[in-house]
Amino acid sequence: MTPVQFTFSSAFILGLTGLVFHRTHLLSALLCLEGMMLSLYVAFSIWSLSMGSSSSSALPLFLLAISACEASAGLALLVATARTHGTDRLQSLNLLQC
C-alpha cells in the first residue's frame, strides 16, 4: 500500500469511526459523512489521473454531485429537526413520532 493510499483509506476510516462512535449531534454525523465523501472524491480523482483514460474522469464529478445533494438534504433535515424538536441531539429524536 502506497503512502497516498494509506492516507486516503485512513481518512475514510477516521470519518467512519467518528460516525459510529461520536454521533451525539446530527451536525457531527453530517460532518463525518462529508469527510468520508471528501476522502472518496480525492481518492477517485487521483485514481482517475493515474489511469490516464478519459472514461474514468467522470466518476469524481459524479461523486461530487452526489455529495452536494447529500449535503443539501442533510442540512434541510438539520433545519427541520431543529425547528420541530428544538435540538439536533440524536438521542432526543424519536423516529416513531411524526
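Bear in mind that the values here come from a model prediction, so they are computed numbers and not experimental data.
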| Partner residues of Val4 under the side chain to side chain contact (heavy atoms under 4.5 Å, CB included) criterion, sequence neighbours left out | Thr2, Phe8, Ile46

| message | Could you see if Val42 belongs to whatever hydrophobic cluster contains Leu14? Use Ile, Leu, Val, Met, Phe, Trp, Tyr and a side-chain cutoff under 4.5 Å. | response | no

| request: Following the transitive rule for hydrophobic clusters with a side-chain heavy-atom cut-off under 4.5 Å over Ile, Leu, Val, Met, Phe, Trp and Tyr, establish whether Leu63 and Leu59 coincide in one cluster. | output: yes

| query | What residues, two or more places apart in sequence or in another chain, satisfy side chain to side chain donor-acceptor pair (under 3.5 Å) together with His25? | reply | Asp88

| query | Are Met51 and Phe44 connected in the hydrophobic side-chain network, where two residues link if heavy atoms are under 4.5 Å apart? | reply | yes

| field | Interatomic spacing from CD1 in Ile66 to CE in Met37 - rounded to 0.5 Å | value | 7.5 Å

| For Phe12, what residues pass the side chain to side chain contact (heavy atoms under 4.5 Å, CB included) criterion, not counting sequence neighbours? | Met36, Ser39, Leu40

| Side-chain contact, heavy-atom cut-off 4.5 Å: Ser67 with Glu34? | yes

| remark: Rounding to 0.5 Å, atoms OG (Ser28) and CG (Leu26) come to a distance of 8.0 Å

| query | Which distance, rounded to the nearest 0.5 Å, do you find between the OH of Tyr41 and the CG of Leu64? | reply | 5.0 Å

Give the table of side-chain donor-acceptor pairs shorter than 3.5 Å for residues 69-84, with sequence neighbours excluded, one pair per line with atom names and distance.
from: Ser72; atom 1: OG; to: Ala68; atom 2: O; distance (Å): 3.4
from: Ser72; atom 1: OG; to: Cys69; atom 2: O; distance (Å): 2.9
from: Thr81; atom 1: OG1; to: Leu77; atom 2: O; distance (Å): 2.7
from: Thr84; atom 1: OG1; to: Ala80; atom 2: O; distance (Å): 3.0
from: Thr84; atom 1: OG1; to: Thr81; atom 2: O; distance (Å): 3.4

| task | Of all the heavy-atom pairs spanning Gly15 and Cys32, show the shortest one and how long it is. | result | O-CB, 3.6 Å

| Hey, what do you get for CG (Leu33) to CG (Leu38), rounding to the nearest 0.5 Å? | 12.5 Å

| Taking all atoms of both residues into account, what is the closest heavy-atom pair of Leu19 and Ala29, and its distance? | CD1-O, 3.6 Å

| Considering residues at least two apart in sequence or located in another chain, which fulfil the side chain to side chain contact (heavy atoms under 4.5 Å, CB included) criterion with Ser10? | none

| What residues form a side chain to side chain contact (heavy atoms under 4.5 Å, CB included) with Ser9, not counting sequence neighbours? | Met1

